[in-house]
Amino acid sequence: MRILGIDPGIAIVGFGFIDKQGHKLVPVQYGSIQTEAHTDDSLRLKQVYDALVQLIDKYKPDAVAIEKLFFNRNVTTAMTVSQARGVLILAAVQQGLPVAEYTPLQVKQAIVGYGKAEKKQVQEMVKMFLHLSAVPKPDDVADALAVAICHAHSSALQSKLNGATKR
């Protein structure tokens with residue numbers, strides 16, 4: 001199963017494709033989509049959408065996992081990131097992909113085992129799970145890979161639970 005993890009944003013969208021091969025997680029491709037500051041938001045949203053569609057076409061994931069937003073301060077930033085998140089979900093759904101959403105707490109719990117883990121702990125665990133030589137940069141990329149890993153773990157658990165309920 002190939003999973004695309006997304007850390008949504010308007011300036012930087014982190015993405016990470018991983019393959020789940022049994023119990024093994026293999027990185028396929030990861031990076032970021034970046035848009036220029038001081039560019040009209042509508043143009044930035046189109047750039048994000050177009051870039052994600054190209055990535056989906058190229059790497060052909062089976063599922064998409066995206067981080068849910070958690071903002072407690074800047075409402076303006078929350079609004080533009082929400083718009084970008086909507087565009088990213090739309091790109092996935094239009095490509096016929098199932099989309100799963102995870103809160104930062106759920107991602108940290110799945111990666112570190114503790115929902116209030118520090119960002120650095122999550123990054124180090126991403127590096128370890130995927131056998132990377134370094135923590136991916138910028139942070140948005142490591143976050144996207146963490147979301148993909150979270151989905152890999154969650155989908156495995158969900159499959160086991162579904163199998164148990166069918167018996």
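Heavy atoms only: backbone and side chains are in, while hydrogens, waters and symmetry mates are out.
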Peer 1: Tell me whether Glu118 at atom CD has more than 12 heavy atoms from other residues, nucleotides or ligands lying less than 6.0 Å away.
Peer 2: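 No, because the 6.0 Å sphere around CD of Glu118 holds 12 heavy atoms or fewer from other groups.
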Peer 1: At their closest point, which heavy atom of Val141 faces which heavy atom of Gly31, and how far apart are they?
Peer 2: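 Heavy atoms of Val141 and Gly31 come nearest at CG2-O, 3.1 Å.
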Peer 1: Taking everything shown except Glu36 itself, do over 12 heavy atoms lie less than 6.0 Å from its CD?
Peer 2: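 No, CD of Glu36 has 12 or fewer neighbouring heavy atoms, counting only those of other groups under 6.0 Å.
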Peer 1: Kindly compute the distance separating CD1 (Ile3) from SG (Cys150), expressed to the nearest 0.5 Å.
Peer 2: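 Answer rounded to 0.5 Å: 9.5 Å.
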Peer 1: Going by the side chain to side chain donor-acceptor pair (under 3.5 Å) test, name the single residue among Gln106, His151, Arg85 that passes it with Glu101.
Peer 2: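 Among Gln106, His151, Arg85, the one that satisfies the side chain to side chain donor-acceptor pair (under 3.5 Å) with Glu101 is Arg85.
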Peer 1: Could you report the tightest heavy-atom contact between Gln123 and Ala142, atom names first, then the distance?
Peer 2: CG-CB, 4.0 Å
Peer 1: Measuring from atom CZ of Phe15 to atom CD1 of Ile6, what distance do you get when rounded to the nearest 0.5 angstrom?
Peer 2: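 Going from CZ on Phe15 over to CD1 on Ile6, the span is 10.0 Å.
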Peer 1: Report yes if some heavy atom in the side chain of Ile33 is under 4.5 Å from a heavy atom in the side chain of Gln47; otherwise report no.
Peer 2: no
Peer 1: Quick one: CG on Leu90 to CD on Gln95, what's the gap to the nearest 0.5 Å?
Peer 2: 9.5 Å
Peer 1: Applying side-chain contact (heavy atoms from CB on, under 4.5 Å), run through Leu4 and Leu52 and close with a yes or a no.
Peer 2: CA-CA 10 Å; Leu4 166 57; Leu52 189 66; 3.9 Å; yes
Peer 1: Where is the tightest heavy-atom contact between Val99 and Ala92, given as atom of each residue plus distance?
Peer 2: CG2-CB, 3.7 Å
Peer 1: Under a 4.5 Å cut-off applied to non-hydrogen side-chain atoms, are Val126 and Tyr30 in contact?
Peer 2: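 No; the side chains remain at least 4.5 Å from each other.
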Peer 1: So among Leu88, Val48, Val147, which one has a side chain to side chain contact (heavy atoms under 4.5 Å, CB included) with Pro8?
Peer 2: Leu88
Peer 1: Is it true that His153 and Tyr102 have ring centroids separated by less than 6.0 Å?
Peer 2: no
Peer 1: Output all residues satisfying ring pair (Phe, Tyr, Trp, His ring centres under 6.0 Å) with Tyr49, sequence neighbours left out; order by chain, then residue number.
Peer 2: none
Peer 1: Would you say Phe17 and Ile89 are hydrophobically clustered, going by side-chain heavy atoms of ILVMFWY under 4.5 Å?
Peer 2: yes
Peer 1: If the test is side chain to side chain contact (heavy atoms under 4.5 Å, CB included), which one of Thr39, Thr80, Val87 qualifies with Ile10?
Peer 2: Thr80
Peer 1: If only atom types and distance count, is the side chain of Asp40 paired as donor or acceptor with the main-chain N or O of Ser42 below 3.5 Å?
Peer 2: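 Here the side-chain-to-backbone pair exists.
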Peer 1: Any chance you could measure Lys120, atom NZ, to Met125, atom CE, to the nearest 0.5 Å?
Peer 2: 14.0 Å
Peer 1: Could you give the side-chain donor-acceptor pairs of residues 54-68 under 3.5 Å, partners two or more places apart or in another chain?
Peer 2:
{"from": "Tyr59", "atom 1": "OH", "to": "Gln29", "atom 2": "NE2", "distance (Å)": "3.0"}
{"from": "Lys60", "atom 1": "NZ", "to": "Asp57", "atom 2": "O", "distance (Å)": "2.6"}
{"from": "Asp62", "atom 1": "OD2", "to": "Arg2", "atom 2": "N", "distance (Å)": "2.7"}

Peer 1: I need the minimum non-hydrogen distance between Ala148 and Gly16, along with the two atoms involved.
Peer 2: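 Taking Ala148 first and Gly16 second, the nearest heavy atoms are CB-O, 4.1 Å.
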Peer 1: Could you check whether atom NZ of Lys137 has more than 12 heavy atoms from other residues, nucleotides or ligands sitting under 6.0 Å from it?
Peer 2: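 Enclosed.
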Peer 1: Any chance you could measure Lys108, atom NZ, to Leu105, atom CG, to the nearest 0.5 Å?
Peer 2: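 Those atoms lie 7.5 Å apart.
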Peer 1: Are Val135 and Val107 connected, step by step, through hydrophobic side chains (Ile, Leu, Val, Met, Phe, Trp, Tyr) whose heavy atoms are closer than 4.5 Å?
Peer 2: no
Peer 1: Apply the side chain to side chain contact (heavy atoms under 4.5 Å, CB included) test between Leu145 and each candidate in Ile111, Val122, Leu25, Ile18; give the one that qualifies.
Peer 2: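 When side chain to side chain contact (heavy atoms under 4.5 Å, CB included) is applied between Leu145 and each of Ile111, Val122, Leu25, Ile18, only Ile18 qualifies.
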Peer 1: Could you give me the CA-CA distance, side-chain angles and deciding distance for Ile149 and Leu130, then say whether side-chain contact (heavy atoms from CB on, under 4.5 Å) is met?
Peer 2: CA-CA 9 Å; Ile149 294 167; Leu130 299 177; 4.0 Å; yes
Peer 1: Please find the pair of heavy atoms, one from Gln34 and one from Pro138, that lie closest to each other, and give the distance.
Peer 2: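 Shortest heavy-atom separation between Gln34 and Pro138 comes out as NE2-CG, 4.4 Å.
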Peer 1: Looking at side-chain heavy atoms only, is the closest gap between Asp140 and Val13 below 4.5 Å?
Peer 2: no
